[in-house]
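All chains are named by letter (A, B, ...) in the order of the sequence lines, taking the proteins before the strands, and each is independently numbered beginning at 1. For the numbers below, each heavy atom of this structure counts, side chains included, while hydrogens, waters and symmetry mates do not.
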Number of protein chains: 2
Amino acid sequence: MGGTRTSGDRRSPGARGRIDKRQAILDAAFTVFAREGYAQAGVDVIAAEAGVAKATVYNHFRDKENLLREAVAASADQAMAENMAVVGRLSTEDGDLRARMEDVGLRLLRCYCDERSWALRRLLSGEINQFPDLLDIVHGHAVDRVTEALADRMARLTVAGALRARDPLVAAEQFVALLTGPAETRSRLGTREVPDAELRAVARAAVDTFLQAFGAETTDR
Amino acid sequence: MGGTRTSGDRRSPGARGRIDKRQAILDAAFTVFAREGYAQAGVDVIAAEAGVAKATVYNHFRDKENLLREAVAASADQAMAENMAVVGRLSTEDGDLRARMEDVGLRLLRCYCDERSWALRRLLSGEINQFPDLLDIVHGHAVDRVTEALADRMARLTVAGALRARDPLVAAEQFVALLTGPAETRSRLGTREVPDAELRAVARAAVDTFLQAFGAETTDR
DNA sequence: ATCAAACTAGACGCGTGGGTCTAGTTTGTC
DNA sequence: GACAAACTAGACCCACGCGTCTAGTTTGAT
(Lines give C-alpha, C1' and ligand atoms only; values in the text may rest on other atoms or scores of the structure.)
Protein backbone atom coordinates (compact mmCIF):
# COMPACT_ATOMS: atom_id res chain seq x y z
CA MET A 1 0.00 0.00 0.00
CA GLY A 2 2.44 2.65 1.07
CA GLY A 3 4.26 3.05 -2.23
CA THR A 4 5.24 0.80 -5.05
CA ARG A 5 6.66 -2.03 -2.99
CA THR A 6 4.60 -5.13 -3.50
CA SER A 7 4.50 -5.87 0.23
CA GLY A 8 6.68 -7.14 3.01
CA ASP A 9 7.89 -4.59 5.53
CA ARG A 10 4.52 -3.14 6.45
CA ARG A 11 4.42 -4.96 9.79
CA SER A 12 2.51 -2.68 12.09
CA PRO A 13 4.35 -1.68 15.28
CA GLY A 14 2.69 -4.05 17.68
CA ALA A 15 2.46 -7.15 15.56
CA ARG A 16 5.47 -9.38 15.61
CA GLY A 17 4.45 -12.32 13.47
CA ARG A 18 6.37 -14.31 10.89
CA ILE A 19 6.19 -12.66 7.50
CA ASP A 20 5.27 -15.71 5.43
CA LYS A 21 2.30 -16.44 7.66
CA ARG A 22 1.21 -12.85 7.29
CA GLN A 23 1.29 -13.13 3.52
CA ALA A 24 -0.61 -16.40 3.56
CA ILE A 25 -3.30 -14.77 5.68
CA LEU A 26 -3.55 -11.81 3.32
CA ASP A 27 -3.95 -14.09 0.31
CA ALA A 28 -6.52 -16.25 2.01
CA ALA A 29 -8.39 -13.21 3.28
CA PHE A 30 -8.66 -11.72 -0.18
CA THR A 31 -9.82 -15.02 -1.63
CA VAL A 32 -12.50 -15.57 0.99
CA PHE A 33 -13.64 -11.96 1.14
CA ALA A 34 -13.97 -11.92 -2.64
CA ARG A 35 -15.80 -15.22 -2.72
CA GLU A 36 -18.27 -14.66 0.13
CA GLY A 37 -18.34 -10.92 0.74
CA TYR A 38 -17.12 -9.14 3.85
CA ALA A 39 -20.05 -9.84 6.13
CA GLN A 40 -20.47 -13.47 5.13
CA ALA A 41 -16.79 -14.29 5.31
CA GLY A 42 -15.80 -15.95 8.57
CA VAL A 43 -12.44 -15.35 10.15
CA ASP A 44 -12.39 -19.07 10.97
CA VAL A 45 -12.65 -19.83 7.27
CA ILE A 46 -9.90 -17.39 6.38
CA ALA A 47 -7.64 -18.90 9.01
CA ALA A 48 -8.35 -22.40 7.76
CA GLU A 49 -7.70 -21.40 4.16
CA ALA A 50 -4.39 -19.86 5.22
CA GLY A 51 -3.46 -22.99 7.18
CA VAL A 52 -3.22 -20.98 10.37
CA ALA A 53 -4.96 -20.75 13.74
CA LYS A 54 -7.56 -18.06 14.20
CA ALA A 55 -5.57 -16.45 17.01
CA THR A 56 -2.67 -15.96 14.60
CA VAL A 57 -4.89 -13.89 12.35
CA TYR A 58 -5.65 -11.57 15.27
CA ASN A 59 -1.97 -11.54 16.11
CA HIS A 60 -1.16 -9.96 12.76
CA PHE A 61 -4.26 -7.84 12.18
CA ARG A 62 -6.18 -5.85 14.73
CA ASP A 63 -9.62 -6.98 13.61
CA LYS A 64 -11.66 -8.10 10.62
CA GLU A 65 -12.01 -4.59 9.20
CA ASN A 66 -8.29 -3.99 9.27
CA LEU A 67 -7.72 -7.33 7.63
CA LEU A 68 -10.03 -6.39 4.78
CA ARG A 69 -8.26 -3.09 4.20
CA GLU A 70 -4.81 -4.64 4.14
CA ALA A 71 -5.90 -7.50 1.90
CA VAL A 72 -7.50 -5.12 -0.59
CA ALA A 73 -4.50 -2.81 -0.52
CA ALA A 74 -2.10 -5.65 -1.24
CA SER A 75 -4.22 -6.94 -4.08
CA ALA A 76 -4.64 -3.48 -5.58
CA ASP A 77 -0.90 -2.88 -5.44
CA GLN A 78 -0.27 -6.10 -7.30
CA ALA A 79 -2.88 -5.35 -9.94
CA MET A 80 -1.49 -1.87 -10.52
CA ALA A 81 2.04 -3.19 -10.94
CA GLU A 82 0.87 -5.52 -13.70
CA ASN A 83 -1.03 -2.76 -15.47
CA MET A 84 1.88 -0.33 -15.30
CA ALA A 85 4.22 -2.91 -16.75
CA VAL A 86 1.93 -3.22 -19.77
CA VAL A 87 1.58 0.53 -20.28
CA GLY A 88 5.36 0.81 -20.21
CA ARG A 89 5.46 -1.22 -23.42
CA LEU A 90 3.81 1.61 -25.36
CA SER A 91 7.07 3.39 -26.06
CA THR A 92 7.68 6.11 -28.64
CA GLU A 93 9.98 3.93 -30.70
CA ASP A 94 9.43 3.32 -34.38
CA GLY A 95 7.40 0.45 -35.75
CA ASP A 96 3.78 -0.12 -36.64
CA LEU A 97 1.76 1.94 -34.16
CA ARG A 98 -1.43 0.01 -34.79
CA ALA A 99 0.22 -3.30 -34.06
CA ARG A 100 1.80 -1.96 -30.89
CA MET A 101 -1.47 -0.51 -29.67
CA GLU A 102 -3.29 -3.75 -30.34
CA ASP A 103 -0.63 -5.57 -28.38
CA VAL A 104 -0.93 -3.20 -25.45
CA GLY A 105 -4.72 -3.31 -25.65
CA LEU A 106 -4.76 -7.09 -25.56
CA ARG A 107 -2.40 -7.21 -22.60
CA LEU A 108 -4.44 -4.64 -20.73
CA LEU A 109 -7.53 -6.70 -21.40
CA ARG A 110 -5.83 -9.79 -20.02
CA CYS A 111 -5.02 -7.89 -16.84
CA TYR A 112 -8.53 -6.53 -16.67
CA CYS A 113 -10.13 -9.93 -17.17
CA ASP A 114 -7.90 -11.70 -14.69
CA GLU A 115 -9.91 -13.51 -12.06
CA ARG A 116 -8.29 -11.68 -9.16
CA SER A 117 -8.80 -8.38 -10.91
CA TRP A 118 -12.52 -9.04 -11.26
CA ALA A 119 -12.71 -10.22 -7.70
CA LEU A 120 -11.13 -6.99 -6.52
CA ARG A 121 -13.57 -4.83 -8.45
CA ARG A 122 -16.56 -6.81 -7.27
CA LEU A 123 -15.42 -6.69 -3.68
CA LEU A 124 -14.78 -2.96 -3.92
CA SER A 125 -18.18 -2.28 -5.45
CA GLY A 126 -20.02 -4.31 -2.88
CA GLU A 127 -18.37 -2.96 0.23
CA ILE A 128 -17.84 0.64 -0.82
CA ASN A 129 -20.77 1.89 1.22
CA GLN A 130 -19.48 0.27 4.38
CA PHE A 131 -15.82 1.16 3.75
CA PRO A 132 -15.57 4.31 1.66
CA ASP A 133 -11.82 4.54 2.25
CA LEU A 134 -11.30 1.41 0.15
CA LEU A 135 -11.92 3.62 -2.83
CA ASP A 136 -8.98 5.86 -2.00
CA ILE A 137 -6.75 2.84 -1.49
CA VAL A 138 -7.60 1.32 -4.86
CA HIS A 139 -8.38 4.22 -7.15
CA GLY A 140 -5.75 6.61 -5.81
CA HIS A 141 -3.10 3.97 -6.25
CA ALA A 142 -4.26 2.01 -9.26
CA VAL A 143 -6.85 3.13 -11.79
CA ASP A 144 -5.99 6.80 -12.03
CA ARG A 145 -2.26 6.16 -12.09
CA VAL A 146 -2.59 3.76 -14.99
CA THR A 147 -4.77 6.12 -17.02
CA GLU A 148 -2.37 8.97 -16.40
CA ALA A 149 0.63 6.89 -17.40
CA LEU A 150 -1.20 6.03 -20.58
CA ALA A 151 -1.94 9.71 -21.14
CA ASP A 152 1.77 10.46 -20.80
CA ARG A 153 2.58 7.96 -23.52
CA MET A 154 -0.06 9.39 -25.79
CA ALA A 155 1.25 12.90 -25.29
CA ARG A 156 4.69 11.71 -26.33
CA LEU A 157 3.25 10.00 -29.38
CA THR A 158 1.39 13.17 -30.30
CA VAL A 159 4.53 15.28 -30.06
CA ALA A 160 6.32 12.69 -32.17
CA GLY A 161 3.63 13.07 -34.83
CA ALA A 162 2.32 9.54 -34.61
CA LEU A 163 -0.95 10.64 -33.01
CA ARG A 164 -3.09 13.74 -32.75
CA ALA A 165 -4.57 13.71 -29.28
CA ARG A 166 -5.59 17.25 -28.43
CA ASP A 167 -6.30 16.20 -24.86
CA PRO A 168 -4.16 13.14 -24.03
CA LEU A 169 -6.02 12.45 -20.79
CA VAL A 170 -9.35 12.20 -22.59
CA ALA A 171 -7.75 10.05 -25.26
CA ALA A 172 -6.34 7.69 -22.66
CA GLU A 173 -9.65 7.60 -20.81
CA GLN A 174 -11.50 6.72 -23.99
CA PHE A 175 -8.98 4.10 -25.03
CA VAL A 176 -9.39 2.38 -21.69
CA ALA A 177 -13.16 2.70 -21.98
CA LEU A 178 -13.18 1.12 -25.44
CA LEU A 179 -11.32 -1.85 -23.98
CA THR A 180 -12.98 -2.31 -20.62
CA GLY A 181 -16.54 -1.53 -21.59
CA PRO A 182 -16.95 -4.34 -24.09
CA ALA A 183 -14.89 -6.63 -21.87
CA GLU A 184 -17.29 -6.02 -19.03
CA THR A 185 -20.41 -6.99 -20.95
CA ARG A 186 -18.64 -9.86 -22.66
CA SER A 187 -17.40 -11.43 -19.43
CA ARG A 188 -20.65 -10.73 -17.58
CA LEU A 189 -19.03 -9.00 -14.64
CA GLY A 190 -16.27 -11.58 -14.58
CA THR A 191 -18.48 -14.62 -14.24
CA ARG A 192 -17.79 -15.83 -17.76
CA GLU A 193 -14.38 -16.84 -19.07
CA VAL A 194 -13.69 -14.80 -22.20
CA PRO A 195 -11.65 -16.73 -24.78
CA ASP A 196 -8.46 -15.09 -25.92
CA ALA A 197 -9.68 -14.79 -29.50
CA GLU A 198 -12.59 -12.67 -28.32
CA LEU A 199 -10.26 -10.44 -26.33
CA ARG A 200 -8.16 -10.00 -29.46
CA ALA A 201 -11.25 -8.97 -31.41
CA VAL A 202 -12.22 -6.45 -28.74
CA ALA A 203 -8.70 -5.00 -28.75
CA ARG A 204 -8.69 -4.74 -32.55
CA ALA A 205 -12.07 -3.03 -32.62
CA ALA A 206 -10.98 -0.62 -29.90
CA VAL A 207 -7.77 0.30 -31.73
CA ASP A 208 -9.69 0.69 -34.99
CA THR A 209 -12.07 3.21 -33.49
CA PHE A 210 -9.36 4.92 -31.51
CA LEU A 211 -7.10 5.44 -34.51
CA GLN A 212 -9.96 6.75 -36.64
CA ALA A 213 -10.41 9.43 -34.03
CA PHE A 214 -6.85 10.09 -32.95
CA GLY A 215 -4.62 8.60 -35.65
CA ALA A 216 -2.20 10.87 -37.53
CA GLU A 217 -2.39 9.12 -40.88
CA THR A 218 -5.79 9.79 -42.46
CA THR A 219 -6.94 6.21 -42.49
CA ASP A 220 -9.42 6.30 -45.35
CA ARG A 221 -12.21 3.68 -45.37
CA MET B 1 -39.51 -8.92 -14.05
CA GLY B 2 -41.77 -11.12 -16.15
CA GLY B 3 -42.08 -8.80 -19.12
CA THR B 4 -42.16 -5.07 -19.59
CA ARG B 5 -44.75 -4.28 -16.93
CA THR B 6 -43.28 -2.17 -14.22
CA SER B 7 -44.82 -4.28 -11.49
CA GLY B 8 -48.17 -5.03 -9.90
CA ASP B 9 -49.67 -8.39 -10.67
CA ARG B 10 -46.71 -10.53 -9.75
CA ARG B 11 -48.27 -11.62 -6.47
CA SER B 12 -47.02 -15.12 -5.95
CA PRO B 13 -49.75 -17.76 -5.46
CA GLY B 14 -49.57 -18.03 -1.68
CA ALA B 15 -49.09 -14.40 -0.75
CA ARG B 16 -52.27 -12.41 -0.30
CA GLY B 17 -51.07 -9.03 0.88
CA ARG B 18 -52.14 -5.52 -0.05
CA ILE B 19 -50.32 -4.32 -3.12
CA ASP B 20 -49.22 -0.91 -1.86
CA LYS B 21 -47.56 -2.48 1.18
CA ARG B 22 -45.80 -4.89 -1.11
CA GLN B 23 -44.40 -2.06 -3.18
CA ALA B 24 -43.30 -0.14 -0.11
CA ILE B 25 -41.45 -3.21 1.10
CA LEU B 26 -39.76 -3.68 -2.26
CA ASP B 27 -38.59 -0.06 -2.30
CA ALA B 28 -37.34 -0.19 1.26
CA ALA B 29 -35.64 -3.52 0.65
CA PHE B 30 -33.74 -2.18 -2.33
CA THR B 31 -32.68 0.90 -0.43
CA VAL B 32 -31.44 -1.01 2.59
CA PHE B 33 -29.82 -3.82 0.62
CA ALA B 34 -28.02 -1.26 -1.51
CA ARG B 35 -26.91 0.75 1.48
CA GLU B 36 -25.74 -2.05 3.76
CA GLY B 37 -25.26 -5.08 1.55
CA TYR B 38 -27.28 -8.28 1.65
CA ALA B 39 -25.71 -9.92 4.67
CA GLN B 40 -25.56 -6.77 6.79
CA ALA B 41 -29.08 -5.67 5.97
CA GLY B 42 -31.57 -6.62 8.65
CA VAL B 43 -35.13 -7.55 7.82
CA ASP B 44 -36.17 -5.54 10.88
CA VAL B 45 -34.60 -2.46 9.34
CA ILE B 46 -36.28 -3.04 6.00
CA ALA B 47 -39.64 -3.44 7.70
CA ALA B 48 -39.12 -0.26 9.70
CA GLU B 49 -38.08 1.68 6.60
CA ALA B 50 -41.18 0.46 4.82
CA GLY B 51 -43.37 1.41 7.79
CA VAL B 52 -44.50 -2.17 8.18
CA ALA B 53 -44.27 -4.97 10.71
CA LYS B 54 -41.63 -7.61 10.16
CA ALA B 55 -44.25 -10.35 9.90
CA THR B 56 -45.81 -8.51 6.96
CA VAL B 57 -42.55 -8.79 5.08
CA TYR B 58 -42.61 -12.54 5.51
CA ASN B 59 -46.26 -12.51 4.49
CA HIS B 60 -45.34 -11.14 1.08
CA PHE B 61 -41.96 -12.75 0.52
CA ARG B 62 -40.89 -16.23 1.43
CA ASP B 63 -37.55 -15.25 2.92
CA LYS B 64 -34.72 -12.75 2.75
CA GLU B 65 -33.23 -14.28 -0.40
CA ASN B 66 -36.50 -14.09 -2.28
CA LEU B 67 -36.96 -10.52 -1.15
CA LEU B 68 -33.56 -9.60 -2.57
CA ARG B 69 -34.33 -11.17 -5.91
CA GLU B 70 -37.68 -9.44 -6.26
CA ALA B 71 -36.30 -6.09 -5.16
CA VAL B 72 -33.46 -6.29 -7.65
CA ALA B 73 -35.77 -7.41 -10.42
CA ALA B 74 -38.15 -4.51 -9.82
CA SER B 75 -35.31 -2.02 -9.75
CA ALA B 76 -33.74 -3.43 -12.89
CA ASP B 77 -37.06 -3.27 -14.72
CA GLN B 78 -37.46 0.37 -13.83
CA ALA B 79 -33.91 1.23 -14.87
CA MET B 80 -34.32 -0.54 -18.20
CA ALA B 81 -37.56 1.30 -18.93
CA GLU B 82 -35.82 4.64 -18.47
CA ASN B 83 -32.94 3.61 -20.69
CA MET B 84 -35.19 2.33 -23.43
CA ALA B 85 -37.17 5.54 -23.44
CA VAL B 86 -33.96 7.46 -24.08
CA VAL B 87 -32.80 5.16 -26.86
CA GLY B 88 -36.16 5.59 -28.51
CA ARG B 89 -35.34 9.24 -29.05
CA LEU B 90 -32.60 8.35 -31.53
CA SER B 91 -34.95 8.18 -34.47
CA THR B 92 -34.03 8.18 -38.14
CA GLU B 93 -35.61 11.54 -38.77
CA ASP B 94 -33.78 14.43 -40.33
CA GLY B 95 -31.90 17.04 -38.33
CA ASP B 96 -28.39 17.42 -36.98
CA LEU B 97 -27.21 13.91 -36.14
CA ARG B 98 -24.41 15.12 -33.92
CA ALA B 99 -26.76 17.21 -31.82
CA ARG B 100 -29.21 14.34 -31.49
CA MET B 101 -26.49 11.91 -30.48
CA GLU B 102 -25.15 14.32 -27.89
CA ASP B 103 -28.64 14.67 -26.51
CA VAL B 104 -29.13 10.92 -26.31
CA GLY B 105 -25.65 10.50 -24.85
CA LEU B 106 -26.32 13.03 -22.14
CA ARG B 107 -29.63 11.47 -21.24
CA LEU B 108 -28.09 8.01 -21.11
CA LEU B 109 -25.40 9.37 -18.84
CA ARG B 110 -28.02 10.84 -16.53
CA CYS B 111 -29.69 7.45 -16.30
CA TYR B 112 -26.35 5.76 -15.75
CA CYS B 113 -25.30 8.19 -13.02
CA ASP B 114 -28.61 8.09 -11.22
CA GLU B 115 -28.17 7.13 -7.60
CA ARG B 116 -30.47 4.13 -7.81
CA SER B 117 -28.72 2.97 -10.94
CA TRP B 118 -25.35 3.03 -9.21
CA ALA B 119 -26.82 1.32 -6.20
CA LEU B 120 -28.15 -1.46 -8.39
CA ARG B 121 -24.80 -2.06 -10.07
CA ARG B 122 -22.91 -2.02 -6.78
CA LEU B 123 -25.37 -4.43 -5.21
CA LEU B 124 -25.20 -6.73 -8.18
CA SER B 125 -21.41 -6.74 -8.22
CA GLY B 126 -21.13 -7.43 -4.55
CA GLU B 127 -23.63 -10.26 -4.30
CA ILE B 128 -23.06 -11.94 -7.64
CA ASN B 129 -21.03 -14.75 -6.13
CA GLN B 130 -23.74 -15.60 -3.64
CA PHE B 131 -26.61 -15.14 -6.11
CA PRO B 132 -25.46 -15.80 -9.66
CA ASP B 133 -29.02 -15.72 -10.96
CA LEU B 134 -29.20 -11.99 -10.23
CA LEU B 135 -27.04 -11.55 -13.30
CA ASP B 136 -29.63 -13.17 -15.54
CA ILE B 137 -32.37 -11.04 -14.03
CA VAL B 138 -30.52 -7.78 -14.62
CA HIS B 139 -28.40 -8.33 -17.70
CA GLY B 140 -30.86 -10.45 -19.62
CA HIS B 141 -33.56 -7.88 -19.09
CA ALA B 142 -31.67 -4.62 -19.03
CA VAL B 143 -28.13 -4.07 -20.27
CA ASP B 144 -28.18 -6.29 -23.33
CA ARG B 145 -31.62 -5.16 -24.40
CA VAL B 146 -30.58 -1.53 -24.31
CA THR B 147 -27.42 -2.11 -26.30
CA GLU B 148 -29.32 -4.10 -28.87
CA ALA B 149 -31.99 -1.45 -29.19
CA LEU B 150 -29.22 1.06 -29.77
CA ALA B 151 -27.69 -1.24 -32.37
CA ASP B 152 -31.03 -1.35 -34.16
CA ARG B 153 -31.13 2.42 -34.35
CA MET B 154 -27.60 2.56 -35.67
CA ALA B 155 -28.36 0.00 -38.33
CA ARG B 156 -31.27 2.15 -39.47
CA LEU B 157 -29.05 5.22 -39.53
CA THR B 158 -26.45 3.34 -41.56
CA VAL B 159 -29.02 2.26 -44.12
CA ALA B 160 -30.24 5.84 -44.29
CA GLY B 161 -26.70 6.97 -45.08
CA ALA B 162 -26.23 9.04 -41.94
CA LEU B 163 -23.70 6.61 -40.47
CA ARG B 164 -21.35 3.89 -41.60
CA ALA B 165 -21.40 1.22 -38.93
CA ARG B 166 -20.18 -1.98 -40.48
CA ASP B 167 -21.14 -3.89 -37.36
CA PRO B 168 -23.93 -1.99 -35.58
CA LEU B 169 -23.66 -4.09 -32.44
CA VAL B 170 -19.99 -3.24 -32.01
CA ALA B 171 -20.75 0.40 -32.74
CA ALA B 172 -23.46 0.47 -30.10
CA GLU B 173 -21.24 -1.35 -27.64
CA GLN B 174 -18.46 1.16 -28.16
CA PHE B 175 -20.77 4.15 -27.95
CA VAL B 176 -22.03 2.94 -24.61
CA ALA B 177 -18.47 2.27 -23.50
CA LEU B 178 -17.35 5.78 -24.46
CA LEU B 179 -20.11 7.14 -22.25
CA THR B 180 -20.04 4.84 -19.26
CA GLY B 181 -16.30 4.34 -18.97
CA PRO B 182 -15.43 7.98 -18.33
CA ALA B 183 -18.57 8.36 -16.22
CA GLU B 184 -17.43 5.53 -14.03
CA THR B 185 -14.03 7.00 -13.24
CA ARG B 186 -15.45 10.51 -12.93
CA SER B 187 -18.12 9.54 -10.42
CA ARG B 188 -15.81 7.19 -8.51
CA LEU B 189 -18.15 4.22 -8.64
CA GLY B 190 -21.10 6.44 -7.90
CA THR B 191 -19.79 7.93 -4.68
CA ARG B 192 -19.22 11.36 -6.21
CA GLU B 193 -21.93 13.57 -7.64
CA VAL B 194 -20.94 14.48 -11.19
CA PRO B 195 -22.07 17.97 -12.19
CA ASP B 196 -24.22 18.18 -15.28
CA ALA B 197 -21.64 20.26 -17.13
CA GLU B 198 -19.12 17.46 -16.76
CA LEU B 199 -21.63 14.93 -18.07
CA ARG B 200 -22.20 17.17 -21.06
CA ALA B 201 -18.46 17.29 -21.71
CA VAL B 202 -18.22 13.50 -21.51
CA ALA B 203 -21.13 13.12 -23.92
CA ARG B 204 -19.58 15.60 -26.35
CA ALA B 205 -16.20 13.87 -26.26
CA ALA B 206 -17.85 10.48 -26.77
CA VAL B 207 -19.86 11.67 -29.76
CA ASP B 208 -16.76 13.36 -31.22
CA THR B 209 -14.78 10.14 -31.12
CA PHE B 210 -17.71 8.05 -32.23
CA LEU B 211 -18.47 10.17 -35.29
CA GLN B 212 -14.83 10.27 -36.32
CA ALA B 213 -14.98 6.50 -36.46
CA PHE B 214 -18.51 5.91 -37.71
CA GLY B 215 -19.72 9.22 -39.16
CA ALA B 216 -20.74 9.37 -42.81
CA GLU B 217 -19.57 12.90 -43.52
CA THR B 218 -15.78 13.03 -43.49
CA THR B 219 -15.45 15.38 -40.56
CA ASP B 220 -12.10 16.94 -41.30
CA ARG B 221 -10.23 18.30 -38.25
C1' DA C 1 -73.13 -5.80 11.52
C1' DT C 2 -70.26 -9.66 10.52
C1' DC C 3 -66.51 -12.32 9.16
C1' DA C 4 -62.08 -13.37 7.32
C1' DA C 5 -57.89 -11.89 5.74
C1' DA C 6 -54.21 -8.68 6.45
C1' DC C 7 -51.66 -6.22 9.68
C1' DT C 8 -49.17 -4.81 14.19
C1' DA C 9 -46.08 -5.08 18.24
C1' DG C 10 -43.32 -7.75 20.56
C1' DA C 11 -41.29 -11.80 22.41
C1' DC C 12 -38.61 -15.91 21.51
C1' DG C 13 -35.63 -19.99 19.84
C1' DC C 14 -31.66 -20.82 17.73
C1' DG C 15 -27.76 -20.77 14.82
C1' DT C 16 -23.77 -18.09 13.59
C1' DG C 17 -19.69 -15.62 14.05
C1' DG C 18 -16.36 -11.90 16.11
C1' DG C 19 -13.05 -11.60 19.42
C1' DT C 20 -10.78 -13.43 23.81
C1' DC C 21 -8.54 -16.66 26.66
C1' DT C 22 -5.96 -20.81 28.16
C1' DA C 23 -2.73 -24.38 27.99
C1' DG C 24 0.47 -26.49 25.57
C1' DT C 25 3.88 -26.79 21.29
C1' DT C 26 7.08 -25.14 17.84
C1' DT C 27 10.73 -22.04 16.24
C1' DG C 28 14.60 -18.87 16.13
C1' DT C 29 18.46 -16.93 18.78
C1' DC C 30 22.39 -16.66 21.90
C1' DG D 1 20.30 -26.21 26.42
C1' DA D 2 17.67 -22.02 27.67
C1' DC D 3 14.63 -18.42 26.87
C1' DA D 4 11.14 -15.76 24.57
C1' DA D 5 8.24 -14.93 20.94
C1' DA D 6 5.14 -16.99 17.70
C1' DC D 7 1.97 -20.48 16.89
C1' DT D 8 -1.90 -24.15 17.60
C1' DA D 9 -6.32 -26.25 18.97
C1' DG D 10 -10.19 -25.54 21.15
C1' DA D 11 -13.32 -23.75 24.39
C1' DC D 12 -15.81 -19.78 25.57
C1' DC D 13 -18.70 -15.31 25.93
C1' DC D 14 -21.73 -12.43 23.81
C1' DA D 15 -24.15 -9.77 20.41
C1' DC D 16 -26.84 -10.03 16.42
C1' DG D 17 -30.30 -11.40 13.24
C1' DC D 18 -33.43 -14.78 10.68
C1' DG D 19 -37.63 -16.71 10.96
C1' DT D 20 -41.69 -18.09 13.94
C1' DC D 21 -45.37 -17.45 16.96
C1' DT D 22 -49.01 -15.27 19.74
C1' DA D 23 -52.51 -12.13 20.84
C1' DG D 24 -54.84 -8.34 19.61
C1' DT D 25 -56.28 -4.61 15.92
C1' DT D 26 -57.51 -2.75 11.40
C1' DT D 27 -59.48 -3.20 6.86
C1' DG D 28 -62.53 -4.55 3.06
C1' DA D 29 -66.34 -7.05 1.24
C1' DT D 30 -71.07 -8.70 1.65
Side-chain angles (χ1 to χ4, degrees), chain A residues 8-72 126-127 129-131, chain B residues 8-72 126-127 129-131:
Chain A
D9 56 348
R10 276 298 291 169
R11 315 167 58 178
S12 46
R16 308 157 296 180
R18 281 286 157 322
I19 297 183
D20 49 339
K21 301 265 174 184
R22 183 186 170 89
Q23 193 57 45
I25 295 171
L26 279 177
D27 286 346
F30 179 79
T31 303
V32 177
F33 280 143
R35 190 199 322 137
E36 321 199 8
Y38 174 77
Q40 291 284 14
V43 179
D44 314 11
V45 179
I46 293 174
E49 185 121 347
V52 146
K54 189 164 70 153
T56 308
V57 174
Y58 285 96
N59 237 358
H60 285 272
F61 305 94
R62 203 177 319 116
D63 53 12
K64 201 182 168 189
E65 268 194 45
N66 195 261
L67 178 56
L68 173 70
R69 273 182 250 272
E70 300 245 32
V72 166
E127 312 297 343
N129 284 316
Q130 306 297 315
F131 308 100
Chain B
D9 56 349
R10 277 296 292 168
R11 314 170 56 181
S12 46
R16 308 157 296 179
R18 273 299 144 324
I19 297 183
D20 48 340
K21 300 265 176 186
R22 183 187 168 89
Q23 193 56 46
I25 295 171
L26 279 177
D27 286 344
F30 179 79
T31 304
V32 176
F33 280 142
R35 189 197 325 137
E36 321 200 8
Y38 174 77
Q40 292 283 15
V43 178
D44 312 11
V45 178
I46 293 174
E49 185 120 348
V52 146
K54 190 164 70 153
T56 306
V57 174
Y58 285 95
N59 238 358
H60 285 272
F61 305 95
R62 204 179 318 117
D63 53 12
K64 200 182 169 189
E65 267 194 47
N66 195 261
L67 178 55
L68 173 71
R69 273 181 250 271
E70 300 245 31
V72 166
E127 311 297 344
N129 284 315
Q130 305 296 314
F131 309 99

Could you pull out every donor-acceptor pair under 3.5 Å between side chains of residues 37-45 of chain B and any protein atom, sequence neighbours left out?
from     : atom 1 : to       : atom 2 : distance (Å)
Tyr38(B) : OH     : Glu65(B) : N      : 3.4

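The OH-P distance, from Tyr58(B) to dT8(C), rounds to 15 Å in whole Å. Atom CG of Leu68(B) and atom P of dG17(D) are 17 Å apart (whole Å). Here the C1' atom of nucleotide dC18(D) and the CZ atom of Phe61(B) are 17 Å apart, to the nearest Å. Counting to the nearest Å, the P atom of dT20(D) and the CG atom of Asp44(B) are 14 Å from each other. Between Leu67(B) atom CG and dG17(D) atom P there is a gap of 16 Å when expressed in whole angstrom units. Atom P of nucleotide dA9(D) and atom CG of Asn59(A) are separated by 14 Å, given to the nearest angstrom.
In this structure Glu127(A) satisfies the side-chain hydrogen bond (donor to acceptor under 3.5 Å, both in side chains) test with no other residue, sequence neighbours excluded. Remark: Arg62(A) pairs with no residue by the side-chain hydrogen bond (donor to acceptor under 3.5 Å, both in side chains) rule, at least two apart or across chains. Listed by chain and residue number, nothing satisfies the ring-ring contact (aromatic ring centres under 6.0 Å, His included) test with Phe30(A) (two or more places apart in sequence, or in another chain). Residues forming a side-chain hydrogen bond (donor to acceptor under 3.5 Å, both in side chains) with Glu36(A) (at least two apart in sequence, or on another chain): none.
Residue Ala55(A) places its side chain closer to dC21(C) than to any other of dA9(C), dC21(C), dG18(C). Residue Ala53(A) has its side chain nearest to dT8(D) when only dG19(C), dT8(D), dC7(D) are considered. Checked against dA11(C), dG18(C), dT8(D), the side chain of Thr56(A) finds its nearest nucleotide in dT8(D). Of the listed nucleotides (dG19(C), dC7(D), dG19(D)), dC7(D) has the atom at the smallest distance from the side chain of His60(A).
For dG17(C), the OP1/OP2 oxygens have no side-chain nitrogen or oxygen of Lys64(A) closer than 4.0 Å. Of the side-chain N and O atoms in Lys21(B), one or more sit less than 4.0 angstrom from OP1 or OP2 of dT8(C).
Looking at Lys54(A), its side chain comes within 3.5 Å of the base of dG19(C) through a donor and an acceptor atom.
Once rounded to the nearest 0.5 Å, the distance linking CD1 of Ile25(B) with CD of Gln23(B) reads 10.0 Å.
Contacts of residues 33-43 of chain A with DNA chain C (heavy atom under 4.0 Å): Ala41(A), Gly42(A), Val43(A).
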